[in-house]
Amino acid sequence: QVQLVESGGGLVQAGGSLRLSCAASRLILRLNDMRWFRQAPGKQRELVAAITSGGTTNYAGSVKGRFTISRDIAKNTVYLQMNSLKPEDTAVYYCNFRDSSDYWGQGTQVTVSS
C-alpha cells in the first residue's frame with residue numbers, strides 16, 4: 001500500500017513563504033523521483049518541482065528561484081519550500097511519484113492574497 005499525505009498549505013500574503021510537506025516511506029523516497037504538482041481552478045495540473053533519487057532537482061520556469069524541493073529521508077518527508085509567493089501560485093498542491101502508475105496524495109490548498 002502506498003500513501004502520500006500532503007500538509008502545510010494555507011493562506012498567505014503575496015511575498016510570504018510556506019513550506020509544504022509530503023509524508024512517504026523511506027523506501028519510496030530513496031528509490032523514486034518525487035514531484036510536486038499544482039492545479040489551479042480551471043487549469044490543467046502542472047509540474048512544479050521534481051527531485052530524483054540521486055538528489056537532482058528541476059523546476060518549472062514560473063517558480064525557479066523561488067521554490068526549493070528537498071528530501072529528508074530520516075523524517076519520511078519531501079518538502080517544497082515556497083518563497084516570494086505570488087497570487088498566481090494559488091492552487092491545490094499535490095505530491096506525486098511514478099512507478100508502474102502515478103501515485104498522488106490528497107492535496108493541500110495554497111492561497112496567496114493580493
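Position 1 is the first residue of the sequence; numbering continues from there.
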_Please check if the number of heavy atoms outside Glu88 that lie under 6.0 Å from its CD is greater than 12._
yes
*Tyr59: partners by ring-ring contact (aromatic ring centres under 6.0 Å, His included), with sequence neighbours left out*: none
*Check whether any side-chain N or O of Arg71 sits under 3.5 Å from a backbone N or O of Leu29 as a donor-acceptor pair, and report yes or no.*
yes
_Reported CG-to-CD1 distance for the pair Asn58 and Ile51, which is rounded to 0.5 angstrom_ = 11.0 Å
_Heavy-atom pair of closest approach, residues Asn96 and Asp102_ = ND2-OD1, 3.1 Å
*Arg35 and Ala50: which non-hydrogen atoms are nearest, and at how many Å?*
CG-CB, 3.8 Å
*Locate the shortest heavy-atom distance separating Cys95 from Val78; write the atom from each residue and the value.*
SG-CG1, 3.8 Å
*From CD1 (Ile73) to CD1 (Ile28), nearest 0.5 Å*: 12.0 Å
*Between Gln39 (side chain) and Ala91 (backbone), is there a donor-acceptor pair under 3.5 Å?*
no
*Where the side chain of Arg38 meets the backbone of Glu46, is there a donor-acceptor pair that is under 3.5 Å apart?*
no
*In a check of ring-ring contact (aromatic ring centres under 6.0 Å, His included) between Trp104 and each of Trp36, Tyr93, Phe37, which one passes?*
Phe37
*asked:* If I compare all heavy atoms of Leu4 with all of Ala24, which pair ends up nearest, and what's the gap?
replied: CD2-CB, 3.6 Å
*Main-chain N/O of Ser53 paired to Asp33 side chain as donor or acceptor, under 3.5 Å*: yes
_Nearest 0.5 Å, please: how far is CZ in Phe67 from CG in Leu20?_
8.0 Å
*In terms of heavy-atom contacts, does CZ of Arg98 have more than 12 from other residues, nucleotides or ligands at under 6.0 Å?*
no
_Identified side-chain contact (heavy atoms from CB on, under 4.5 Å) partner of Val112 from the options Thr90, Leu11, Leu18_ = Thr90
*Gap separating the CZ atom of Phe97 from the OH atom of Tyr103, nearest 0.5 angstrom*: 6.0 Å
*Of all heavy-atom pairs between Ser21 and Thr77, which one has the smallest distance, and what is that distance?*
CB-CG2, 3.9 Å
Table please: side-chain donor-acceptor pairs of residues 79-87 below 3.5 Å, with sequence neighbours left out.
from, atom 1, to, atom 2, distance (Å)
Gln81, NE2, Asn83, OD1, 3.0
Asn83, OD1, Ser17, OG, 2.9

_Glu6 side, atom CD; Cys22 side, atom SG - distance, nearest 0.5 Å_ = 5.5 Å
